[in-house]
Amino acid sequence: MRFPRARAVRACLAAVLVVAVGGCLGHALGTPGAQSIPVGQSTQGIESGGINRTFHLYRPQGLTGAAPLVVMLHGGFGTGQQAERSYHWDGEADAGHFLVAYPDGLDRAWNAGTCCGEPQRAGTDDVGFVTAMVGAIEQQMPIDRARVYVTGMSNGAMMALRLGCQSDLFAAIAPVAGTLLTDCSQARRASVLQIHGTADDRVPYGGGPGKAFSRNGTARVDGLSVPSVNATWRGIDACGPPTSTTTGDVTTQLAACAGGRTVELISVAGAGHQWPGGEPSPLAERLAGIPAPSTALDATDTIWRFFARDRG
């Protein structure tokens, strides 16, 4: 089942401001192919659901033609700019020649279903926001619609899974340290790569309630096990049985699926709630005892190689 794009079109028409990084208000949306996104880092804003929302972009030097787009969703307590600093996607984009978008969640969180924070309590339409953001980007430069991908960390990973379940934008999704917290019964087929530490105490590998993120104990994730999420996507994608290989602390489970898609699970032995190969987590997470990232795997490079071999 493919979801209609009408809501995305309406949302894009409602995007009344595109704010350049220099803060120039009133810059109208461009037309497709206008190439109005500047080289390097920039910040833009749109209206979505009656709320002004922001996102950050990175465009490599020399990027021409219909470009692939990676949407990187920060974790709880994070921001788009923090994700840009922490997970090294700009450098990956320079090497791989693609565009990266780093949207900002409201109050540093995403409505991923039964989590998280104020967006979940208020029922914020973050699927609509991300859809509108992609449409707004496409108004300014050509995007290869067959090569639009989403990844995320923690709460952002949960949001990436929700987008995979409830939108038709993404050819592939790659959640890191997340679980499925929303209905996925109407999902469109997409390649999926999960990366998760086996010692994650916030989003437990084996599922169930994790350790609270906040001191008052209210920010707690209670979801499916990581293998169960992977099995759900193998069912959606009509996959064969998976095969497994282990190198050091990294175990990769790979299933070939209909239409040339793949569903993969990379488990990092002993790793906690983290983005392997990334920078240390935001201050609030460090204070909560989130460990330093494992160096057994470069999650960013691994995810881009997974995206790059996918053709929708």
Side-chain angles (χ1 to χ4, degrees), residues 5 7-48 51-74 78-105 126-152 156 159-160 163 167 169-174 300 303-304 307-308 310 312:
R5 300 185 189 271
R7 182 171 63 178
V9 173
R10 290 195 298 271
C12 293
L13 292 175
V16 295
L17 292 178
V18 175
V19 185
V21 70
C24 180
L25 295 174
H27 184 289
L29 285 175
T31 57
Q35 301 287 333
S36 57
I37 295 173
V39 172
Q41 298 176 345
S42 60
T43 299
Q44 300 193 13
I46 62 172
E47 181 183 281
S48 177
I51 304 170
N52 291 328
R53 305 293 299 266
T54 55
F55 59 95
H56 312 273
L57 292 169
Y58 182 74
R59 177 179 176 175
Q61 185 77 37
L63 189 65
T64 60
L69 170 65
V70 172
V71 176
M72 170 69 224
L73 302 173
H74 64 77
T79 65
Q81 289 180 320
Q82 168 269 315
E84 189 169 17
R85 291 191 305 269
S86 297
Y87 307 134
H88 309 152
W89 275 104
D90 290 0
E92 199 73 34
D94 287 333
H97 306 292
F98 59 92
L99 186 69
V100 191
Y102 303 92
D104 290 313
D126 279 325
V127 173
F129 164 50
V130 174
T131 300
M133 178 192 72
V134 173
I137 294 168
E138 190 175 32
Q139 287 291 309
Q140 300 172 76
M141 67 176 291
I143 292 173
D144 184 347
R145 275 285 183 163
R147 301 191 68 194
V148 179
Y149 310 112
V150 62
T151 183
M159 188 66 220
L163 286 161
S167 79
L169 279 176
F170 300 103
I173 61 176
T300 301
I303 291 168
W304 173 244
F307 287 160
D310 183 272

| request: Supply the atom-to-atom distance Leu63 CG to Met141 CE, rounded to the nearest 0.5 angstrom. | output: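 Taking CG in Leu63 and CE in Met141, the distance rounds to 4.5 Å.
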
| message | In the structure I gave you, are the side-chain heavy atoms of Tyr149 and Ile303 within less than 4.5 Å of one another anywhere? | response |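 Answer no - side chains too far apart.
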
Can you sort out the partners of [X] under side-chain hydrogen bond (donor to acceptor under 3.5 Å, both in side chains), two or more places apart, ordered by chain and number?
{"X": "Asp94", "result": "Tyr58"}
{"X": "Glu84", "result": "Gln41"}
{"X": "His88", "result": "Glu279"}

Closest non-hydrogen atom pair, [X] against [Y]:
{"X": "Ala160", "Y": "Gly152", "answer": "CB-N, 4.3 Å"}
{"X": "Pro103", "Y": "Phe129", "answer": "CB-CE2, 3.7 Å"}
{"X": "Ala83", "Y": "Met72", "answer": "CB-CG, 4.1 Å"}

Using atom types as modelled and distance alone, determine if a side-chain donor or acceptor of [X] lies under 3.5 Å from a backbone N or O of [Y].
{"X": "Thr54", "Y": "Asp104", "result": "no"}
{"X": "Arg53", "Y": "Ser48", "result": "no"}
{"X": "Asp144", "Y": "Ala66", "result": "no"}
{"X": "Thr151", "Y": "Ala174", "result": "yes"}

| request: Only one of Leu169, Val150, Val134 passes side chain to side chain contact (heavy atoms under 4.5 Å, CB included) with Leu69; say which it is. | output: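 Going through Leu169, Val150, Val134 one by one, the side chain to side chain contact (heavy atoms under 4.5 Å, CB included) with Leu69 is satisfied by Val134 alone.
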
| Are Phe98 and Trp304 close enough that their ring centers fall under 6.0 Å? |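 Yes, the ring of Phe98 comes within the 6.0 Å limit of the ring of Trp304, centre to centre.
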
